[in-house]
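Each remark here refers to the structure printed beneath this line.
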Amino acid sequence: MLDLTYEAPAPKVIAGAQGDWELVIGLEVHAQVATRAKLFSGASTEFGAEPNSNVSFIDAGMPGMLPVINEGCVAQAVRTGLGLKAEINLRSAFDRKNYFYPDLPQGYQISQLYHPIVGEGEVIVEMGAGVARKVRIERIHLEQDAGKSIHDMDPNMSFVDLNRTGVALMEIVSRPDIRGPEEAAAYVGKLRQILRYLGTCDGNMQNGNLRADVNVSVCRPGDYEKYQETQDFDHLGTRCEIKNMNSMRFIQAAIDFEARRQIAILEDGGEVVQETRLYDPDKNETRSMRSKEEAHDYRYFPDPDLLPLEIEQSWVDDIAAHLPELPDAKKARFMADMGLSDYDAGVLTAELANAVYFEAVVNHLDSAKDGKLAANWVINELFGRLKKDDLGIEASPVSPGQLGDIVALIAKGDISGKIAKDLFEIVYTEGGEPAKIVEERGMKQVTDTGAIEAAVDEIIAQNPAQVEKAKQNPKLAGWFVGQVMKSTGGKANPAAVNQIVTQKLGL
Ligand code: ADP
Ligand code: MG
């Protein structure tokens, strides 16, 4: 496992006119469950389909329709819970949350208020090399998503698209353990990474696949510590909830704005009203949307159409036994087995596809000890080149096998690092087998000392004045090395050239 030091919470402090204030943040993340069908109907969850084409009679709220639970969604919620080291509740139940909105034809959302499927867990958020913070998860429940109302397509009409109606969401509720905007973004990033590794949510924030309701309050220094002792919310300030955030950058900006707004109210002798607010990125401000509803406003009650959900421990155990390796474990393994730095291992494990590619490169090498060299090539050359062409790793013109071959040629001393860059470019643009290209185009590094000696002798003979200078100033030996490299077309082994030049100049 990763060798981590757990930091005490380091709250963001904002100085007010009457002293310091600290931030307290808790997140409710809605993650769309990666499944082909909806939570209680067989309609497709495909994104971008023709409006209202993925709608079953259940999603449309037709009379007499009965919901049937999708086992795949339940398995995904359990998998997510296990990935977040959370308690799995073998018995959970669905409740109706009643409210009217045109994009909710049933007139209620089926959710899990009283008995969620997943209980307490945690997310470990790294805030620097080896330094981490634990954010506790309070619960994860399954619920239906609503459809989409479209108000800006026509000046006189609103439209509704029910494709998203009934799609399964996991609501992942954190404790108010987050103490600043950067930490909030890092938490969402880590959660997203874990979900993507687990394959339980695509985490495409732009498509609204993962969105966060951000709860923000402010308190005086010391109050949070009192809350930690007692877990009694009395020591914390009144919170506001900023709805539906789907960008890391906006999450941070919204928290910052909201905290300052609350501080201004409190320092003015006012009271923060608990309410739901919306963030406007154009104006960089939050605006009141509605006053906070309480659970009883929704007249929650157990859904009579659905029996309590009972799952077997053996089924949970089976899912646990097949969990993939998660980001922290993978990162730790890359560091321990291949000697990668914290930074390199972090870059290579940020996205599962990158880690898979990198491991395939390493598997192509004779020994994992060249993993560091492979990491450099993947991070600097490959990622850099792909970025230039705006390509993802899946579309890389160089396969892991080809890159592995290039790295192996460097490791064996067959080609120099400089020639390897040319070779990489050839493979990237033309394709082909690296070893063959090296043979055919005479790119092999010259390690034959006889040939190098001849080249060095020639340069020395042609430049007597430089030789004299170098004898006074040994640093000028570098000039000779450069000349020899040039005359051999970059193919001479630089270490050998260096040694022979030093020796021949008598330095
Ligand atoms: P609701 O369902 O009414 O929104 P919850 O009890 O589920 O309320 O909590 C919602 C979120 O608010 C949780 O993520 C929790 O961590 C967070 N939260 C609770 N108290 C505070 C507070 N004082 N400041 C910031 N966040 C808070
Ligand atoms: Mg809420």
Side-chain angles (χ1 to χ4, degrees), residues 9 11-12 14 21-31 84 86 95-99 109 111-123 125 133-143 169-181 183-185 187-188 190-191 210-245 251-252 254-263 265-266 271-279 286 289-300:
K12 164 143 182 176
I14 296 180
W21 296 90
E22 290 182 0
L23 271 60
V24 178
I25 301 155
L27 263 59
E28 298 159 88
V29 170
H30 290 93
L84 301 179
D95 306 296
R96 287 186 182 180
K97 180 180 184 180
N98 299 282
Y99 67 97
Q109 175 193 30
S111 180
Q112 297 189 304
L113 178 68
Y114 303 108
H115 304 287
I117 183 158
V118 178
E120 292 186 2
E122 67 181 31
V123 175
V125 184
R133 290 260 297 110
K134 242 181 224 172
V135 175
R136 292 169 299 162
I137 299 292
E138 187 183 313
R139 56 188 275 152
I140 303 176
H141 58 259
L142 277 168
E143 63 183 27
L169 297 179
M170 296 180 280
E171 178 167 334
I172 304 167
V173 183
S174 86
R175 298 267 179 200
D177 287 351
I178 299 164
R179 304 304 310 278
E183 211 171 281
Y187 166 80
V188 174
K190 184 61 180 285
L191 194 56
L210 187 90
R211 43 193 203 264
D213 297 345
V214 182
N215 295 270
V216 181
S217 69
V218 294
C219 66
R220 289 296 193 179
D223 286 351
Y224 187 80
E225 286 66 26
K226 283 183 215 150
Y227 153 76
Q228 282 291 41
E229 267 166 43
T230 57
Q231 293 293 306
D232 178 351
F233 284 94
D234 285 352
H235 299 292
L236 296 181
T238 304
R239 70 179 193 265
C240 286
E241 179 176 1
I242 314 163
K243 274 276 172 204
N244 264 329
M245 305 288 302
I251 287 175
Q252 298 187 57
I255 291 172
D256 198 71
F257 173 87
E258 181 56 22
R260 288 172 200 279
R261 186 188 71 87
Q262 293 180 11
I263 292 169
I265 293 174
L266 293 168
E271 266 181 45
V272 173
V273 183
Q274 191 173 342
E275 62 186 356
T276 303
R277 299 178 69 87
L278 270 188
Y279 177 70
T286 63
M289 187 178 158
R290 55 176 191 250
S291 67
K292 176 79 190 161
E293 314 76 10
E294 300 289 339
H296 62 248
D297 294 324
Y298 288 111
R299 296 291 186 272
Y300 273 101

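Atoms within each ligand, like the ligands themselves, are counted from 1 in listed order.
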Just to be sure I'm reading this right: ignoring hydrogens, which of Gly237, Ser174, Pro176, Cys240 gets closest to atom 23 (N) of ligand 1? Compare them by their nearest heavy atoms. Gly237
Only heavy atoms of Arg175, strictly under 4.0 Å: list the atoms of ligand 1 that pass. 16 (O)
Classify the ring geometry of Tyr224 against Tyr227: parallel below 30°, tilted from 30° to 60°, perpendicular beyond 60°. tilted
Per-atom contacts of ligand 1 with Phe233, taking only distances under 4.0 Å to non-hydrogen atoms: 19 (C), 20 (N)
If you count the atoms of ligand 1 from 1 in the order shown, which ones are under 4.0 Å from a heavy atom of Val24? 24 (N), 25 (C)
I'd like the name of whichever of Glu171, Arg239, Glu28 reaches closest to atom 8 (O) of ligand 1 through any heavy atom. Arg239
Less than 4.0 angstrom from a charged side-chain N to a carboxylate O is my criterion; do Asp256 and Lys12 meet it? yes
Test side-chain hydrogen bond (donor to acceptor under 3.5 Å, both in side chains) on Asn98 and Arg299; report intermediate values, then the result. CA-CA 6 Å; Asn98 299 282; Arg299 296 291 186 272; over 6 Å; no
Only heavy atoms of Val173, strictly under 4.0 Å: list the atoms of ligand 1 that pass. 13 (C), 14 (O)
Those residues at least two apart in sequence (or on a different chain) that pass salt bridge (charged side-chain N to carboxylate O under 4.0 Å, His left out) with Asp95 are none
Please list, in number order, the atoms of ligand 1 under 4.0 Å from a heavy atom of Leu236. 23 (N)
Salt bridge (charged side-chain N to carboxylate O under 4.0 Å, His left out) against Glu22, all qualifying residues, sequence neighbours excluded: Arg179
Taking only heavy atoms of Leu27 into account, list the atoms of ligand 1 that are under 4.0 Å away from them. 14 (O)
Within the 4.5 Å heavy-atom criterion, are Leu23 and Ile178 side-chain neighbours or not? no
